[in-house]
Amino acid sequence: MNKDERLVKQIIPKSVDFSRWYTEIIRKAELADYAPIRGMMVIRPYGFAIWENISYLLDKRIKESGHSNAYFPLFIPESYLQKETEHLEGFSPEVAWVTHGGKEELEEKLAVRPTSEAIIGNMYSKWIKSWRDLPVLINQWANIIRWEKVTRPFLRTTEFLWQEGHTAHETYEEAQEETLMILSMYKEFVESELAIPVISGKKTEREKFAGALETYAIEALMSDGKSLQMGTSHNLGQHFSKVFNIRFEDRDQKLQYVWQSSWGMSTRLIGALIMSHGDDSGLIFPPRIAPIQVVIIPISVGNWKENVLPVAQNIESELKYIGVRVNLDAREEFTPGWKFSEWEMRGVPLRLEIGPRDIKGNHAVSVRRDTMDKEIISLDSLKQDVAEILKRIQKSMLEKALRFQLENTHEVQKFEDFKSVLDSKKGLIKAFWCGKQACEEKIKDETMGTIRVIPFKKDKEKAVGNCLFCGEKSDVLVYFARAY
RNA sequence: CGGGGAGUGGCGCAGCCCGGUUAGCGCGCCUGCCUUGGGAGCAGGAGGUCGUCGGUUCAAAUCCGAUCUCCCCGACCA
């Protein structure tokens, strides 16, 4: 039986080898495949459907909060990229360059965008003349190229898809407000749609986006105990407006530089979904994002095509009618048992089994992927029940992930404890930090632990402690973790 | 980019050290029969220039060199 199980699952259990489990499940579940170019992958239909759901649900929020979509060029002239020094230094090691058009060498190299601040800044300088033109609230859905040294499907690929928002405002306060509004929108999105609880806060100077005044991020704890940055929102200050000369005449007729923000989330979110929710049997997708929310498996016995199939088809169309993404697996060449495992591996949140026995009893058997709980539901109330169960799955997946996050968050005072917790239990560690980059750096060198975020102050939290490394008095409590 | 491992039908592997018939095995795939409430069975069949390029040799999956890609562990990042 054990041997059979291995053959059947075709993937290494997550608990045995997390890394291998991660890459194997991506290929076995047909989310993505390796392309013949270093660090590049093909997002296959089942994987792309997740991205489409993410895009749709996120785009709705972006628009509802007043932003419009636009599209900027893939190429950025070298001179533009060079204008913001920090920005250039941050990105130059990973920029891909276009040097030729056909056989002719270009007079000026073109960068394949690693992010679009530069090209957008340039355009904004033409568009913005008066305070009446502000704010500019633009988002773009695009692909990005970053020549990373080490790549992993979805988590870090040479090319990835994302949305990047770029806004311009009259004042620092407005830009800051936008930056934080987006951050909380990201948090809400990831928690309610992806069922992944996140911690949000500010990044340290060291982890800041190249060219930003301040960087904020949402971070989530993956089920192997490592942290993953899932979205970032930057207050760019006037760094880019000064170098791209984005000026406007303000209400007092004075010429001013605009205040900007930029923010993004990427296909990395799919990696986060895989790593936060999956188990030894494969993927588990939260219903809101799942490409297929319900799979119907007809139990093929006897003349099932006459008896069972029509009922299954009826259920399928009823569920479709109420907007459930449903798939009836009526393939003859596979047994029901085979299909059960297959769809479990592929993470479908709810399975409906319907066979002769069920039809006699006017019911179907539902099986939740997240808990494997079986429930017999009446065909008369099937639509409502399925919708209800999907909601419950969504909710309990978030709760489960949150429980995991809390259970794996430890508070430590001493560096010795910090090291042992990081080695044995992993997870997030809350500790005080004096604010000096030297301490941050040394902690990283010794433990591989980095400051993920400086959370926003909560009233009830202890106000002061001692820096984890140097022991100096501090009122900054931060989250450390080993990160992807 | 450093250190380690690996590329052989769709997937997982054996063969390589010690060069020599027609490159094997399991799963999957195709056809037929038979089955089907947790990955059924039998019979027949298809599918490979052994990652790529070059070298050594009468002869290369096997030896040598280069190169590409993947995986793991570090330095860098969404």
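Note on naming: letters A, B, ... go to the chains in the order of the sequence lines (proteins, then strands), and numbering restarts at 1 for each one.
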Considering every strand and a 4.0 Å limit on heavy-atom distances, what is the contact class for [X]: base, sugar-phosphate, or nothing?
X      : value
A:Y484 : base
A:L155 : base
A:T157 : base
A:M265 : nothing
A:E342 : base
A:F160 : base
A:G39  : sugar-phosphate
A:P93  : nothing
A:F340 : base
A:E353 : base
A:R206 : sugar-phosphate

When you match A:E333 and A:G355 each to their closest nucleotide on RNA chain B, which lands nearer the 5' end?
->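 In this pair, the answer is A:E333.
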Does A:Y34 or A:T267 map to a spot on RNA chain B nearer the 5' end, using the closest nucleotide for each?
->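 The residue closer to the strand's 5' end, by nearest nucleotide, is A:Y34.
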Should the ring pair [X] and [Y] be called parallel, tilted or perpendicular, given that the plane angle runs from 0 to 90° and is split at 30 and 60?
X      : Y      : result
A:F456 : A:Y216 : parallel
A:F209 : A:H234 : parallel
A:F160 : A:W162 : perpendicular

Establish whether the base of B:G12 is bridged to the side chain of A:E24 by a donor-acceptor pair shorter than 3.5 Å.
->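 Result: no qualifying N/O pair found.
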Keeping the roles fixed (side chain from A:R146, backbone from A:P93), state whether a donor-acceptor pair exists under 3.5 Å.
->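 Between the backbone of A:P93 and the side chain of A:R146 there is no qualifying donor-acceptor contact (under 3.5 Å).
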Between the side chain of A:S233 and the main-chain N/O of A:T179, is any donor-acceptor distance below 3.5 Å?
->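 Yes; at least one donor-acceptor contact below 3.5 Å.
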Please give the distance between the [atom1] atoms of [N] and [M] as a whole number of Å.
N     : M     : atom1 : value
B:G26 : B:U21 : P     : 22 Å
B:A66 : B:G2  : P     : 14 Å
B:C18 : B:A59 : C1'   : 16 Å
B:U67 : B:A6  : C1'   : 16 Å
B:G12 : B:C34 : P     : 35 Å
B:A40 : B:C33 : C1'   : 14 Å

Do the numbers put A:K187 on top of the ring of A:F189, so that NZ or CZ is under 6.0 Å from the six-membered ring centre and no more than 45° off the axis?
->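 Relative to the ring axis of A:F189, which defines the angle, A:K187 lies outside at least one limit.
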Does the ring center of A:W259 lie less than 6.0 Å from the ring center of A:H239?
->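 Aromatic pair excluded; centres sit 6.0 Å or further apart.
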For A:K400, look at atom NZ and say whether over 12 heavy atoms of other residues, nucleotides or ligands are found less than 6.0 Å away.
->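 No, not enclosed.
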Among A:R369, A:R368, A:R351, salt bridge (charged side-chain N to carboxylate O under 4.0 Å, His left out) partner for A:E344 |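 Testing each of A:R369, A:R368, A:R351 against A:E344, the sole residue satisfying salt bridge (charged side-chain N to carboxylate O under 4.0 Å, His left out) is A:R351.
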Can you check whether [X] has a side-chain N or O nearer than 4.0 Å to OP1 or OP2 of [N]?
X      : N     : value
A:T23  : B:C71 : no
A:K444 : B:C76 : yes
A:R152 : B:C72 : yes
A:S19  : B:C72 : yes

Under a 3.5 Å cutoff on both atom distances, Watson-Crick or G-U, what's the dot-bracket for RNA chain B ([ ] crossing, | other strand)?
-> ((((((((.[[[[.)....(...]]]].(((((.......))))).....[[[[[..)....]]]]])))))))....
Find the distance A:E94:CD to B:A75:P and express it as a whole number of Å.
->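 Interatomic distance, CD of A:E94 to P of B:A75: 16 Å.
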In whole angstroms, how far is the C1' atom of B:G28 from the CZ atom of A:R27?
->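 In whole Å, B:G28 C1' lies 15 Å from A:R27 CZ.
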Of the candidate nucleotides B:A75, B:C70, B:C71, which contains the atom at the shortest distance from the side chain of A:R38?
->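 For A:R38, the side-chain atoms sit closest to B:C70.
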